[in-house]
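All chains are named by letter (A, B, ...) in the order of the sequence lines, taking the proteins before the strands, and each is independently numbered beginning at 1.
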Number of protein chains: 2
Amino acid sequence: MDDDICPTETALDVIGGKWKGMILFYLNPDKKRFNELRRVLPGITQRMLTKQLRELEEDGLVHREVYPVVPPKVEYSLTDLGQALSPVLSSLKVWGEKYLECKKSK
Amino acid sequence: MDDDICPTETALDVIGGKWKGMILFYLNPDKKRFNELRRVLPGITQRMLTKQLRELEEDGLVHREVYPVVPPKVEYSLTDLGQALSPVLSSLKVWGEKYLECKKSK
DNA sequence: CCGTATCCACGTGGATACTG
DNA sequence: CAGTATCCACGTGGATACGG
């Protein structure tokens with residue numbers, strides 16, 4: 001019964017990485033290449049982008065497609081499980097807006 | 001346009017603390033006393049519970065009511081902003097269950 | 001273009017002891 | 001009962017340089 005809370009905590013762990021929210025956001029709905037993501041994520045380093053993407057891949061939220069061409073081409077996209085996050089992301093956004101609104105008026 | 005993502009990130013920052021999800025969960029719908037929370041949060045230390053509660057209070061999600069009696073009595077409850085999180089928490093839970101389901105079958 | 005390899009600063013979170 | 005006060009381990013995240 002107490003483990004009712006467990007899925008919530010697990011979910012927060014999985015998407016709680018510093019850049020993961022933004023990565024998931026930008027991957028929806030379109031697949032993106034490595035440097036495309038890098039460009040829209042202000043200030044992220046290559047190491048961090050790689051790391052966060054690998055973790056998301058490991059957790060089954062993101063699919064990594066490598067094309068054996070030169071120059072290298074890699075595309076990242078959301079899996080079904082990743083797509084299923086969109087209600088979470090949007091409710092998070094709605095609440096975040098309310099939160100920012102509250103803070104502003106203080 | 002890019003700051004469309006900002007509320008989402010902000011929200012994740014606010015509720016992303018290690019125990020915050022669980023605290024918010026247990027504070028809904030009933031107010032709780034300090035040691036009540038401590039009892040349902042397996043393994044949390046006094047220091048951490050205090051710290052997380054203070055941060056949630058600072059962020060306006062939790063209200064702290066001190067009764068000037070002996071022995072001391074303090075009650076924590078959700079503010080309106082805190083209540084407004086319930087859609088987020090429940091969508092998080094729904095997705096978390098799906099996630100755990102996926103992992104189990106692998 | 002898409003990474004990996006090192007190295008390191010910093011903050012979060014924890015252990016433990018004490019207090020009004 | 002509901003905290004503070006210290007001290008510290010550890011992992012996350014970042015800077016920088018190099019490689020296929």
Side-chain angles (χ1 to χ4, degrees), chain A residues 5-6 8-27 30-59 61-78, chain B residues 5-6 8-27 30-59 61-78:
Chain A
I5 187 60
C6 178
T8 311
E9 284 302 294
T10 307
L12 278 173
D13 283 350
V14 171
I15 68 172
K18 177 155 182 193
W19 304 91
K20 290 186 181 162
M22 298 179 83
I23 291 174
L24 263 2
F25 178 87
Y26 286 118
L27 247 31
D30 297 323
K31 57 169 80 106
K32 295 277 189 321
R33 298 184 58 175
F34 187 84
N35 274 0
E36 281 188 273
L37 282 172
R38 213 186 152 193
R39 244 171 277 127
V40 293
L41 297 171
I44 197 173
T45 60
Q46 284 189 328
R47 184 177 112 76
M48 277 313 295
L49 182 51
T50 303
K51 190 160 166 284
Q52 302 278 305
L53 283 169
R54 290 285 138 74
E55 290 173 10
L56 289 171
E57 194 190 355
E58 174 77 11
D59 285 329
L61 308 203
V62 159
H63 174 68
R64 180 167 177 260
E65 184 78 32
V66 182
Y67 299 87
V69 297
V70 287
K73 174 176 175 179
V74 180
E75 278 179 347
Y76 293 91
S77 56
L78 294 181
Chain B
I5 187 60
C6 177
T8 310
E9 284 304 292
T10 309
L12 278 174
D13 283 349
V14 172
I15 68 173
K18 175 155 184 197
W19 304 90
K20 291 188 181 161
M22 298 179 84
I23 291 173
L24 264 0
F25 178 86
Y26 285 119
L27 246 31
D30 296 325
K31 57 168 83 103
K32 294 278 189 319
R33 298 183 59 175
F34 186 84
N35 274 0
E36 281 188 275
L37 283 172
R38 211 186 154 192
R39 243 170 279 127
V40 292
L41 297 172
I44 197 172
T45 61
Q46 284 188 328
R47 184 178 113 74
M48 276 314 293
L49 181 52
T50 303
K51 191 161 166 283
Q52 303 277 304
L53 283 169
R54 289 288 138 76
E55 288 173 11
L56 290 171
E57 194 190 355
E58 173 76 11
D59 286 330
L61 307 204
V62 159
H63 173 68
R64 180 169 178 259
E65 184 78 32
V66 182
Y67 298 88
V69 297
V70 288
K73 175 176 177 181
V74 180
E75 278 180 348
Y76 293 91
S77 56
L78 293 182

Side chain of [X] - closest among [options]:
X	options	value
B:K18	C:dG14, C:dG3, D:dC1	C:dG14
A:M48	C:dT4, C:dG13, D:dG14	D:dG14
A:T50	C:dC1, C:dT4, C:dG13	C:dT4

First locate atom [atom1] of [X], then atom [atom2] of [Y], and finally report the distance between them rounded to the nearest 0.5 Å.
X	Y	atom1	atom2	answer
A:T45	A:W19	OG1	CH2	8.0 Å
B:K51	B:E55	NZ	CD	4.5 Å
A:L41	A:K32	CG	NZ	10.5 Å

Legend entry - A:K31 and A:E65 ion-paired at < 4.0 Å: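 Salt bridge between A:K31 and A:E65, a charged N being under 4.0 Å from a carboxylate O: no.
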Inset, instruction - Could you tell me whether B:E36 and B:R39 make a salt bridge, using a distance below 4.0 angstrom between a side-chain N and a carboxylate O? - result: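 Salt bridge absent between B:E36 and B:R39.
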Taking [atom1] from [X] and [atom2] from [N], how many angstroms apart are they, rounded to a whole number?
X	N	atom1	atom2	answer
A:F34	C:dC1	CZ	P	11 Å
A:E75	C:dG3	CD	P	12 Å
B:I44	C:dA15	CD1	C1'	14 Å
B:K51	D:dC7	NZ	P	18 Å
B:Q46	D:dC7	CD	P	19 Å
B:K73	D:dG3	NZ	C1'	17 Å
A:E55	C:dG3	CD	C1'	16 Å
A:L56	D:dT12	CG	P	14 Å

Legend entry - Nearest-nucleotide comparison on DNA chain D, the residue closer to the 5′ end among A:P72 and A:T45: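 It is A:T45 whose nearest nucleotide is closer to the 5' end.
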Look at [X] and [N] and indicate whether a side-chain polar atom (N or O) is within less than 4.0 Å of OP1 or OP2.
X	N	answer
B:R64	D:dG3	yes
B:Y76	D:dC1	no
A:R38	C:dG3	no

Legend entry - Side-chain donor/acceptor contact of A:R47 with base of C:dG3 under 3.5 Å: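 No such pair is found, so the answer is no.
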Across the strands shown, which category fits [X] at heavy-atom distances under 4.0 angstrom: base, sugar-phosphate, nothing?
X	result
A:Q52	sugar-phosphate
A:Y67	nothing
A:E36	nothing

